[in-house]
Amino acid sequence: MSTQVQSTTKIHPSLPHAKVMRSYQLAFEHLSKIERIEINQRIKELEKEQKKLLTPAIVKKALELYRSNPKETFFTRKLCKEVSKSPNIAESAFHWLHIAIQGKVDKEKKIQGIFNFWQKNPQQLLEWVIFGRSPYTEHSFQKYWKVGRRFVINLLTSTRLQTDSYWNRKFARRCVTSNVKFNHILPTVTHNEVILAIEDAYKHKIHEFSSIPNLSPNQQSFLAKLQLLVQEKQQVASFVTSWINIPQKSRWKSLKKLAQQITESIGKKNRKLFSAVRLIVVFALFDHLMESVPQLILSTLPEEVIPQPFKRKKKGKLPIKLLMKKEFVITREGNAKVLTAKVKKQGWTELGFPQRGKKKTKARVLFPPKVLEYLHNGTSIKILQVSSGEAPSYKPRVDVVLEGTHECFRSTTLLHHYMTTIPSGNIPTLGVDINRLGEFMVTFNTPVKLPPDLLKLAERYTLLTDKVLKELNRGLAEKRKLRDSHGCCKLIGELNRVYTRRSRILREILRRLPFFIATVIAKHHSRVLKIEELNVDPTGTKGALAKAIYTMPDNSFIYEKAVWLASSELGYDVNLEQVNPFHTSLLHNVCGGVLDRNSGHYDYAYCKACGLKVNTHFNAALNISEKQGRPLSSRSFPPLNAREGNHSNDG
């Protein structure tokens, strides 16, 4: 199995000429309920007109146009000739269609790249066919594409489901796919075949590792696990054979249960055998699947597998994109250049909502202080987007997209706020231990308390998760038992509002964290920040572990931004390093003994060697700071491809 790679990168503090776009929500000024509902209704009618334009025939024509010339101006101009609607509405609709087609074509290229990769790596191909996932493939393409692990997982899983449908349509007469139905049917194997697979898997890994002079701890551990399974092959083969021959709802999740059952049966409850058992399953089915699967992949066309845009009904409506140089369906005070100058001067703008046979309704839109600060720093208004709201508030929404350099979007308000609360020091290398939300969400190798605002947000998040949501879900279950549809509807609405509130709290925490970390770096005059290489997958986990993984602030963007902010403040480049997390949380930094990390010992644990009670997070941060680090990646921050999705990370 692949080992985790240690990784030092130099983050350059300024990229003055790199332009990005970021979006921010605006607010209407003092609208009465009647005015709000009237404006919302007019926007909703425009959204319906926009949606009617996105017919299957138009989408098909759009795909052909995009493949001939992907430029948006050419694309929208040609498509506008196909319809006879208001040009503003047409251009707004085709703007979103262009983005959707761009995503489809990009996904097709990525899928083709994965298919080419699998032609040279049949073991990973079979993992994907059996489980819908392949950890080695995920890790490889995560680094190659420089995206999040979750993006690659979702791409592989969705493509596996789509290929099932495609293969059944295209190869139904050949009946070659009847024994590889995802998460259901696998070829039948015998007990003896599985025993041979266990032995072959062990021999294969021995041969693979024979060319490596010094095996890493992970590789040695993996070989030891395979050797254990070879010793207990009769028991192991019985479990694996029944698991393969019986249909499962989810092969990936049920494999975790299978590995746990095997560890209990052989009397090794603390051993983690998931990867080793997965390898044995692949070897057991290798001969059965290699007869047909490579040919299926060769004959699969990604453009036919990836569905067309807007084929399925999606939740929500597309907003109306404004600032077109065409007829106005929603009036505003000039084009982007004129509007930028007016907003910088007066701090607001006025939108008009005309309708046939009725008086035009006008509403003033206010720009928040942060957006005005960015406009005065040199950004310009690129696009305005208007969308309707739902019951009970019927509150329409306006978003503005700003364009400018990264320096224009840099704000030091939070940084200077935290400067007054954090003590000074002199630590050349800072180590950071990353944990679940709470008092120790980020812990350094020097005593630094979490700011009160972050701690309060974490407490609110925990309260919503552990108390409010549980009570609402319990009440919903009772209403369903009583068949109270009205009560169910009210509780579902309340649940959605609480989930939205919770996600906003998490987003605000992740927005503030880079400024807190940057302040700690600046106050301690550090030159190196070290973090663990964490690619934790929460799929299949439950309870406290799943909560911890989902809320871990482990996104490298947070730490890259923190280093960039600190470099700008200190006037010199700060290095960001990533280290191997092997045993950082297990070994006592003082005596080298092993900590007792049994259930319940998350924040504090006793050392088995010296008996000292240790703060596990502070201890881990000390271990991380002392480990050798290597480059995180070759990219500079801020990323050149930052667009609207990054607005939540601004200060």
Side-chain angles (χ1 to χ4, degrees), residues 9-26 66 69-76 91-92 94-96 98-103 105-106 145-148 319 321-325 332 334-345 349 367-385 398-415 511 514-515 518 555-569 573 633-651:
T9 186
K10 186 174 283 188
I11 306 297
H12 301 281
S14 62
L15 288 171
H17 303 298
K19 285 202 170 186
V20 293
M21 290 189 290
R22 296 179 181 174
S23 67
Y24 301 89
Q25 187 174 350
L26 308 179
Y66 184 89
N69 190 338
K71 289 186 178 179
E72 186 174 355
T73 51
F74 167 83
F75 176 87
T76 52
E91 288 198 19
S92 177
F94 299 152
H95 165 75
W96 303 117
H98 182 268
I99 291 173
I101 291 175
Q102 199 173 22
V105 173
D106 179 60
W145 293 334
K146 294 178 182 176
V147 296
K321 179 189 172 189
L322 304 183
L323 290 182
M324 308 287 186
K325 295 179 181 178
R332 55 270 190 199
N335 60 18
K337 188 176 180 181
V338 174
L339 199 60
T340 301
K342 285 192 174 183
V343 171
K344 284 169 70 174
K345 185 178 179 180
T349 187
F367 283 66
K370 182 171 69 173
V371 176
L372 291 174
E373 180 188 348
Y374 294 154
L375 286 171
H376 287 293
N377 286 349
T379 63
S380 60
I381 295 173
K382 182 75 174 175
I383 298 167
L384 281 176
Q385 294 171 182
V398 182
D399 292 277
V400 62
V401 178
L402 302 183
E403 184 179 47
T405 62
H406 290 285
E407 284 298 320
C408 295
F409 287 106
R410 187 167 70 90
S411 174
T412 57
T413 307
L414 265 176
L415 195 70
R511 185 185 75 85
F515 295 92
N555 189 339
S556 62
F557 179 87
I558 294 171
Y559 305 97
E560 289 172 0
K561 182 171 182 178
V563 166
W564 174 62
L565 288 167
S567 300
S568 302
E569 188 71 19
D573 289 349
S633 66
S634 59
R635 79 178 187 184
S636 296
F637 184 87
L640 298 178
N641 63 341
R643 291 186 65 84
E644 294 91 338
N646 290 339
H647 66 272
S648 62
N649 294 301
D650 292 314

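Starting from 1, each residue takes its place in the sequence as its number. When reading the values below, keep in mind they use all heavy atoms of this one structure, side chains included, and skip hydrogens, waters and symmetry mates. Quick caveat: nothing in here was measured; it's all calculated off a predicted structure.
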Given 3.5 Å as the limit, does a donor-acceptor pair link the side chain of [X] with the main chain of [Y], or not?
X	Y	result
Trp564	Tyr559	no
Thr379	Cys408	no
His98	Pro70	yes

For the residue pair [X] and [Y], establish whether any side-chain heavy-atom pair is separated by less than 4.5 Å.
X	Y	answer
Pro368	Leu26	yes
Arg511	Leu414	yes
Arg22	Leu402	no
Gln25	Val398	no

Review point. Counting heavy atoms not belonging to Lys382, are there more than 12 under 6.0 Å from its NZ?
Key: no
Measuring from [X]:[atom1] to [Y]:[atom2], what's the distance to the nearest 0.5 Å?
X	Y	atom1	atom2	result
Phe94	Lys321	CZ	NZ	13.0 Å
Thr340	Lys345	OG1	NZ	14.5 Å
Leu322	Arg332	CG	CZ	4.5 Å
Lys337	Lys342	NZ	NZ	14.5 Å
Glu373	Phe409	CD	CZ	11.5 Å
Ser568	Asp573	OG	CG	9.5 Å

**Study point:** For the student: nearest non-hydrogen atoms of Ser23 and Val401, plus distance
**Key:** CB-CG2, 4.0 Å
**Study point:** Closest non-hydrogen atom pair, Ala518 against Ala562
**Key:** CB-O, 3.3 Å
Review point. Step by step, would you call Phe75 with Asn69 a side chain to side chain contact (heavy atoms under 4.5 Å, CB included)?
Key: CA-CA 7 Å; Phe75 176 87; Asn69 190 338; over 6 Å; no
Practice item. Test ring-ring contact (aromatic ring centres under 6.0 Å, His included) on Tyr24 and Phe367 and set out the steps. Key: CA-CA 9 Å; Tyr24 301 89; Phe367 283 66; over 10 Å; no
**Study point:** Option passing side-chain contact (heavy atoms from CB on, under 4.5 Å) with Lys344 (candidates Leu372, Leu375, Ile381)
**Key:** Leu375
